[in-house]
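Let me begin by presenting the structure, written as structure tokens, before commenting on it.
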Amino acid sequence: MPNVKESIEAGTIEAVRGLEADRYSEGFVTDIEQELAPRGLTPDTVRFISAKKEEPEWLLRWRLDAFERWREMKEPDWALLSYPPIDYQDAHYYAAPKNAAKYKSIDDVPKEILDTYAKLGIPLREQEVLLGVEGARETAAAARETPRIAVDAVFDSVSVATTFKEELARVGVIFMSFSEAVREHPDLVRRYLGTVVPPTDNFFATLNSAVFSDGTFVYIPKGVRCPMELSTYFRMNARGSGQFERTLIIADEGSYVSYLEGCTAPMRDENQLHAAVVELVALEGAEIRYSTVQNWWPGDSEGKGGVYNFVTKRGDCRGARSRISWTQVETGSAITWKYPSCILRGDESVGEFYSIAVTNGRQQADTGTKMIHLGRNTRSRIISKGISAGRSNNTYRGLVSVHPRASGARNFTQCDSLLIGSSCGAHTVPYIENRRADAQLEHEATTTRLSEDQLFYARQRGVGEEQAVALLVNGFVRDVIQKLPMEFAVEAQKLLEVSLEGSVG
Amino acid sequence: MLELKDLHARLTLEGAPDRAILNGVTLTVPAGEVHAIMGPNGSGKSTLSYLLAGRPGYQATSGSARFLGEDLLSLEPEARAAKGVFLSFQYPVEIPGVPVMTFVRAAMNAQRASRGEAEISAPDFLKKSRAIAERLRMDPDMLKRPLNVGFSGGEKKRLEIYQMLMLEPRLMILDETDSGLDIDALRIVSEGVNALRSPDRAMLVITHYQRLLDHIRPDRVHVLSAGRIIASGGPELALQLESEGYDALIAGAG
Ligand SMILES: Nc1ncnc2c1ncn2[C@@H]1O[C@H](COP(=O)(O)OP(=O)(O)O)[C@@H](O)[C@H]1O
Ligand SMILES: [Mg+2]
């Protein structure tokens, strides 16, 4: 293992050379005829979205209730973020390629959209997943050895394609767009929707509950180890729109799934709103590994444009000995407000949070996690690596809460910040609420500045300045990168390097 | 190969004394030769090595430094490295999370790229690395650990020489490589260094002790004091210093 990783690290650096021309290579716009909800947000907007998705009455009610609650809520202001007031009436809450609802198979998807994903390197045809090149034929042996990834591709408000559905269905795994799941598995959706993040949870989650568009639904049956990585790729394309996706993953008793989410958006000089909700449920003995590589358009170096990313992600370790682990690599967005959390309800359940958050230019990130220990002998582990460059601000905000019943609870938290240059900021805000004398809580935090000595040492050996920064940063985040599925570790490292280009000198 | 003419330098680092550290160093090291530089603590030996390697904050105020006929001082540190300048640091730097082999491979390929050469293949790199580690009697597992992190003083010095043998530079500057090495290690490391001696390479060996020069025999010995070379001679000069100390020589020069 370590040898493979090592060669990846060295190889990555070369691969990234070619990207230097434009830092954000995902910033193109797909020109396609689209269907938009009228600008603004009223109960009619909610009805419009629900009707587009041909939803049952109960779900429309659910949305409308959320909308009524949202109207009375106030946008939170406790995060270390500053941005002009958002006009929630000045956006389209639904945007979709025309006729998207009618795509029955990949062959119906318009060429412009297929090209978009090809350009982003996201495989939408199953044979591409196998070998990475179109037209290549796999042998049975290769099929078994090559890691395969099932993809759900969400384009603005709709899912345009989902791969490997049939193969996964054979072992009982449900992997489909959320809208489809509402139609095909209404009972499962109704049973779990909103049970981890209630519709009234917070301003942004409640907004999402009213207007959510598409996302992914996953169900892993009892005792099943999901035979491949599952992933969703979110693409925001339409001008003046937001994206409000909803993802729900249920791992039934004794099952296992690893899931990855990726996101990009065109470079636009307006701010786009992204307010997602992700709910995870792990029943007894189940394990969910959830990884995110977030690369929304961060705005230009002066802070013009960029995505406002206000996201609620929470996992419920509902059963005993269940396990949920969040790994995130956050390089994009103008503003990131995000705290993937674990409710450790089941006895002996385990929650993990591994995070790399990079801010450059004028980006702002306020991100961290909450570990809520409710059950006995529950354990949690938090490793956060924040990297700030340019004139950015990067805050780790975390809560470890130990409730009276949680005997023997343990937490380990490590927050490291790396500063590049002297105009950026790093902050660590750890909260602890402990109601148990026997809880073992450890917290370590460090803040370091990218060292001139290290840079010179690398340069003396022949490594150019930008590459030297990349090398040092890769070293700084190494323990988190190693938590990512292998295929994404490479992508994550590339992203880090690209997003830190121009941060020194 | 290396020609220093009346080189003056000062520090432009925050908190550093605002005074000249080198006060006119003139020195020529022809290809194929090994020159030793000795001198009391604080006389400017490390400053000279940093200046040649291009460390930010170390500024030449007048004079020149030419390497293979080219003005060294106008080049970025990585460009000097690609031309073959290598500094074995007096205090090697720790780089957390970056395994030794990852680091050295990145360095090697960066140098190659800037010379327009192809990358070294992974198997060739590993083969070379293994052979050199063996020659320096290093535990191969050490090369998988983060660079210099948790290494003993002696291990760090050995690792500097490992990098030097991997990169095969043309101008080698060894800044107190012997400090921290025990007697056996000193011999092993010196043998490694001697293997790089060749008619198209040159070496500057900074040391306080004759015991290193017993292994790496210098062609010339220079004594630096207060930023100036106050004496130069053959290998016998080092022996004389060993028995008489710097004071007598400095008093004589003053
Ligand atoms: N980074 C620094 N900050 C402050 N003083 C320095 C620094 N580097 C060198 N000096 C000073 O410059 C002089 C020469 O130092 P140095 O070149 O390290 O000497 P040597 O290697 O011969 O012992 C000394 O007086 C030392 O204190
Ligand atoms: Mg010194």
Query - From B:F103 atom CZ to A:N474 atom CG, the distance as rounded to the nearest 0.5 Å - result: 13.5 Å
Requested in this report: Against chain A, label B:V104 side chain, backbone, both or neither, depending on which of its atoms sit under 4.5 Å from a heavy atom there.
Outcome: neither
Query - Exam field: side chain A:Q460 to backbone B:E78, donor-acceptor pair closer than 3.5 Å - result: no
Query raised in the report: Can you say whether B:E94 sits under 4.5 Å from chain A via the side chain, the backbone, both, or neither, judging by heavy atoms?
Result: backbone
Report summary line: Ranking B:A107, B:A82, B:P92 by heavy-atom pairs under 4.5 Å to chain A gives rank one to B:A107
Query raised in the report: Which pair of non-hydrogen atoms, one from A:G462 and one from B:A110, has the smallest distance, and what is that distance?
Result: O-CB, 3.3 Å
Query raised in the report: So, for B:V98 and A:L471, which heavy atoms are closest and what is the spacing to 0.1 Å?
Result: CG2-O, 3.3 Å
Requested in this report: Return the orientation label for the B:F89 and A:Y457 ring planes: parallel under 30°, perpendicular over 60°, tilted otherwise.
Outcome: tilted
Query raised in the report: Got a donor-acceptor contact below 3.5 angstrom from the A:R461 side chain to the B:L87 backbone?
Result: yes
Report summary line: Checked B:A53, B:P77, B:P169, B:G54 vs chain A; the most non-hydrogen pairs under 4.5 Å come from B:P77
Query raised in the report: For A:R289, does the CZ atom sit with more than 12 other heavy atoms under 6.0 Å from it, leaving out its own atoms?
Result: yes
Query - B:E117, CD atom: more than 12 neighbouring heavy atoms under 6.0 Å - result: yes
Query raised in the report: In terms of heavy-atom pairs under 4.5 Å, which option from A:V477, A:D479, A:V463 contacts chain B the most?
Result: A:V463
Query raised in the report: Taking the side chain as C-beta and beyond, is there a heavy-atom pair between A:D453 and B:R55 under 4.5 Å?
Result: yes
Requested in this report: Tell me, for A:A468 versus chain B, whether the close heavy atoms (under 4.5 Å) come from the side chain, the backbone, both or neither.
Outcome: neither
Query raised in the report: In terms of heavy-atom proximity below 4.5 Å to chain A, should B:P96 be classed as side chain, backbone, both, or neither?
Result: both
Query raised in the report: Counting distance only, does the side-chain N/O of A:Q454 pair as donor-acceptor with the main-chain N or O of B:V93 below 3.5 Å?
Result: no
